[in-house]
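A short worksheet on the structure shown next.
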Amino acid sequence: MTNNQIAALFEEMADLLEIVGENPFRVRSFRNAARSIADWTRSIEEMVEEEADLTEIPGVGKGGVERIREIVASGTCETLDEARAKVPVGVRELLRIEGVGPKKAALFHKELGIESIDALEAAAKAGKLRDLAGMGEKSEEKLLRAIANARKGEGRFLLSVGMEQAERLVEALRGVEGVRRIEPAGSVRRWRDTVGDIDIIVAGDANSPVMDAFTGHEDVAEVIARGPTKSSVRLRSGLQADLRLVEEASFGAALAYFTGSKAHNIAIRERAHARGLKVSEYAVEEVESGRRAGGAKEEEIFASVGLPWIPPELRENRGEIEAAEAKKLPRLIDLDDIRGDLQMHTKASDGRNTIEEMAEKAKTLGYEYILITDHSKAVRVAKGLDEERLLDHCRAIDRANDRLDGIRILKGVEVDILPDGSLDLRDDALAACDVVVASVHFRFSMPEEEMTDRIARAISGHRVHILGHPTGRLILQREPYAVDLARIFAVARDSGVAMEINAHPERLDLRDVDARAAKEAGLRLAISTDAHAREQLDLMRFGVHTARRAWLEKKDVLNAMPFDAFRKALRK
DNA sequence: GCCGTTTTCGGCCCGACTGTTTTCAGTCG
């Protein structure tokens, strides 16, 4: 049983208890527990086996420990079973519909016996909902639109999609009259790997036409809500976007508030509360006197609770507040620190550009070196290289190096890890390469132990320098394969192998928390774009910000090193 | 149910918008 599976059951308990009308604070404690269980890096199942102290997990107390033990032993617990007996599963589904919370879900169930989204839709179409307390014709129509949206959109979007959309909107609104400052907030600003919506904060005049410009933007498909200080729209892409207009004196408070994360904000607010302060999206105030203690700048919000400014990527309540307090925040890596790119493909396999074209583009990015890593032969569809073609390719790279000044082109390969843990090319061919990246590209559905053995064998026994996209996930498309990363990290450490953070927005693999665990296990990380065309070398920023979310500093990253140090670090 | 910079009981983050309501509940972020 994984931590995520345990967390999902706590989340389910919270939903069900809320529908039943349980004490809201009790419900929240279940949600808090779910959240910190999902974030917990050690295996909770193992902790149970070892009888370790589970109350170390924030938000887990005596009751939580009991429930976790029950869940690990049996897959469920008494509280959950009782709640499930009271609320059919379909009623919980209703919460996914925008505008339907626990109260409405309970109302629909109690009054009309509705137990599914389909049934809710049918009732709305038949006009049966308008007579319920607090409902009317308008809410019926709204509900039908929300159901249609839920069917279409299904939640979250890739970071790159959200980032591009946010940048478009900000660009369009920046020049509107009365707009003084504008910044995207939310998960886009924290560079989370997926985004659920876009938040934009504007400081400006109350009578600025920015709301009209926003709700009237060409990307807007539907206006969900429109007020003087807050509007929400549904974009053509299916994404929701919210805009907040505040006075300049409140810009920092609003930015901090809407950047989140929610868990981080709650922790900051509790901290403020303990100091007799109240933090809102408008200002920090002393509770007693009502005196204002800041709000124009984010720094003022943090300073009011005795902390330095915390970079948005760290604001997940994963220890950043404690680290800030102890003056131990990391000096996070920046895009400017990157000196090379360690995974890219050329026409030799499935890339669109030549060695020279990739190198020329890399020069414009200011890189000192790049590593060319075409596929090996197991990847047939990509025209993967066999031993002979790899050696030819290496000679072509040598020639390109002779012709080009101002950048070093390193010979490499992305060699496939075969199901038995052997590599797809002979050692003598690999020896011609400066750097070897090894990756898994097929047979993803092995049992965890076999997959772990497979990868461990591949990186320990050969001349591998970097493990490419270590979990194989494709965000929103394919789950990571089952693999014991802690064991992989231990083997990699003994073998001097670095882990990749693949910067492609569909991969971001390792993900933030796993990359952080890799660093804590004593490993170096390589941030690579895996570019298949020269313009994809620009995707590096997504990898770097994922690295920032993993608390990585310059010294943790292989390709942030000057060339000589990089070469030295590779020697095994 | 959890927790402690007013500590073992009594709190628990805060405000905007909507749709239904003559003063507010519900939802959302």
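Everything quoted here is computed from the prediction, not taken from an experiment. So that the names make sense, note that chain A is the first sequence line, chain B the second, and so on, each numbered from 1.
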*asked:* Using a 4.0 Å heavy-atom cut-off, does A:P24 contact any base of the nucleic acid, only the sugar-phosphate backbone, or nothing at all?
replied: nothing
*asked:* Whole angstroms only, please: what is the CZ-C1' distance between A:R190 and B:dG29?
replied: 12 Å
_With a 4.0 Å cutoff (strictly under), does any side-chain N or O of A:R269 reach OP1 or OP2 of B:dC13?_
no
_Checking A:I37 against A:I68 for the side-chain contact (heavy atoms from CB on, under 4.5 Å) test, could you report, in this order, the C-alpha distance in whole Å, the side-chain angles of both residues, the deciding distance, and whether it holds?_
CA-CA 10 Å; A:I37 287 168; A:I68 290 173; 4.0 Å; yes
_Can you identify which nucleotide, out of B:dC12, B:dT5, B:dG26, has its nearest atom closest to the A:E325 side chain?_
B:dT5
*Taking the side chain as every heavy atom from C-beta outward, state whether A:T471 and A:R511 have any pair of such atoms under 4.5 Å apart.*
no
_Nearest to the A:S280 side chain among B:dC14, B:dG29, B:dC17, which nucleotide is it?_
B:dC14
*Mind checking A:N23 for me? I need base, sugar-phosphate or nothing, with any heavy atom below 4.0 Å counting as a touch.*
base
*Across the strands shown, which category fits A:I97 at heavy-atom distances under 4.0 angstrom: base, sugar-phosphate, nothing?*
sugar-phosphate
*d(NE2, A:H273; P, B:dC13) in whole Å*: 8 Å
*Pick the C1' atom in B:dG29 and in B:dT22, then give their distance to the nearest Å.*
28 Å
*Whole Å only: how far is the CG atom of A:D15 from the P atom of B:dC28?*
11 Å
*Has the side chain of A:Y282 got a donor or acceptor that lies under 3.5 Å from a partner of the other kind on the base of B:dG15?*
no
*When you compare B:dT18 with B:dT23, how far apart are their C1' atoms, in angstrom units rounded to a whole number?*
15 Å
*In whole angstroms, how far is the C1' atom of B:dA16 from the CD1 atom of A:I201?*
13 Å
*Are any of A:S232's side-chain N or O atoms less than 4.0 Å away from OP1 or OP2 of B:dG29?*
no
_Span that lies between the C1' atom of B:dT8 and that of B:dG1, in whole angstrom_ = 15 Å
*Apply side-chain contact (heavy atoms from CB on, under 4.5 Å) to the pair A:I268 and A:N317, showing each step before the final yes or no.*
CA-CA 9 Å; A:I268 293 284; A:N317 199 25; over 6 Å; no
*Expressed in whole Å, how much space separates the P atoms belonging to B:dC9 and B:dC17?*
43 Å
*Residue A:K138, side-chain heavy atoms: nucleotide from B:dC13, B:dT20, B:dG26 that is nearest*: B:dT20
*asked:* Using atom P in both nucleotides, what's the gap between B:dG19 and B:dC13 to the nearest angstrom?
replied: 29 Å
_Integer-rounded Å distance: B:dG11 C1' and A:N32 CG_ = 14 Å
*Between B:dT5, B:dG26, B:dC17, which nucleotide gets closest to the side-chain atoms of A:R275?*
B:dT5
*Mind calculating the distance between CD (A:E22) and P (B:dG1) to the nearest angstrom?*
7 Å
_I want to verify a distance call: between B:dC17, B:dT20, B:dG26, whose nearest atom is closest to the A:T229 side chain?_
B:dC17
*Looking at every strand, decide which applies to A:E137 at a 4.0 Å heavy-atom threshold: base, sugar-phosphate, or nothing.*
sugar-phosphate
*asked:* Just confirming the chi classification of B:dT6, syn or anti, using 90° around 0 as the syn window.
replied: anti
*asked:* For a quick check of understanding: with a heavy-atom distance under 4.0 Å over all strands, which category does A:K278 fall into, base, sugar-phosphate or nothing?
replied: sugar-phosphate
*With respect to the side chain of A:F25, which nucleotide from B:dT18, B:dC14, B:dG1 is positioned closest?*
B:dG1
*If you measure from CZ on A:F30 to CG on A:L9, what distance do you get to the nearest 0.5 Å?*
11.5 Å
*Classify the nucleic acid contact of A:Y257 as base, sugar-phosphate or nothing, counting any heavy atom under 4.0 Å across all strands shown.*
base
*Please step through side-chain contact (heavy atoms from CB on, under 4.5 Å) for the pair A:L243 and A:L173, ending with a clear verdict.*
CA-CA 11 Å; A:L243 185 140; A:L173 301 178; 3.4 Å; yes
*Could you check which of B:dC12, B:dA16, B:dT20 has an atom nearest any side-chain atom of A:R244?*
B:dA16
*So what does A:R28 hit on the nucleic acid, given a heavy-atom distance under 4.0 Å: a base, only sugar-phosphate, or nothing?*
base
*Closest non-hydrogen atom pair between A:G204 and A:L245, with its separation*: N-CD1, 3.9 Å
*Taking C-beta and beyond as the side chain, do A:R244 and A:D199 meet within less than 4.5 Å on heavy atoms?*
no
*If B:dG1 has a Watson-Crick or G-U wobble mate with both distances under 3.5 Å, name it; if not, just say none.*
B:dC12
*May I ask you to say what A:S231 touches in the nucleic acid, namely base, sugar-phosphate or nothing, with a heavy-atom cut-off under 4.0 Å?*
nothing
*Write down the distance separating the P atoms in B:dC2 and B:dT6, rounded off to the nearest Å.*
23 Å
_Distance check needed: B:dG29 P versus A:R192 CZ, whole Å only._
13 Å
*If you look at every strand shown and take non-hydrogen atoms under 4.0 Å, does A:V100 touch a base, only sugar-phosphate, or nothing?*
sugar-phosphate
*From the options B:dC14, B:dG1, B:dG19, select the nucleotide whose nearest atom is closest to the side chain of A:R67.*
B:dG1
*Which of these nucleotides, B:dG19, B:dC13, B:dG29, is closest to any side-chain atom of A:D242?*
B:dG29
_If the cut-off is 4.0 Å, is A:K230 near the phosphate of B:dG29, judged by side-chain N/O to OP1 or OP2?_
no
*For B:dG15 and B:dG10, measure between their C1' atoms and round to the nearest Å.*
24 Å
*How is A:G64 classified with respect to the nucleic acid when contacts are heavy atoms under 4.0 Å: base, sugar-phosphate, or nothing?*
sugar-phosphate
*Do A:V220 and A:T215 have side chains that get closer than 4.5 Å, going by heavy atoms?*
no
_Just the rounded figure in Å: distance from P of B:dT27 to CZ of A:F108._
9 Å
*asked:* Nearest to the side chain of A:A225, heavy atoms from C-beta on, is which of B:dT6, B:dC17, B:dG26?
replied: B:dC17
*So do A:V513 and A:E316 actually touch side chain to side chain, heavy atoms under 4.5 Å?*
no
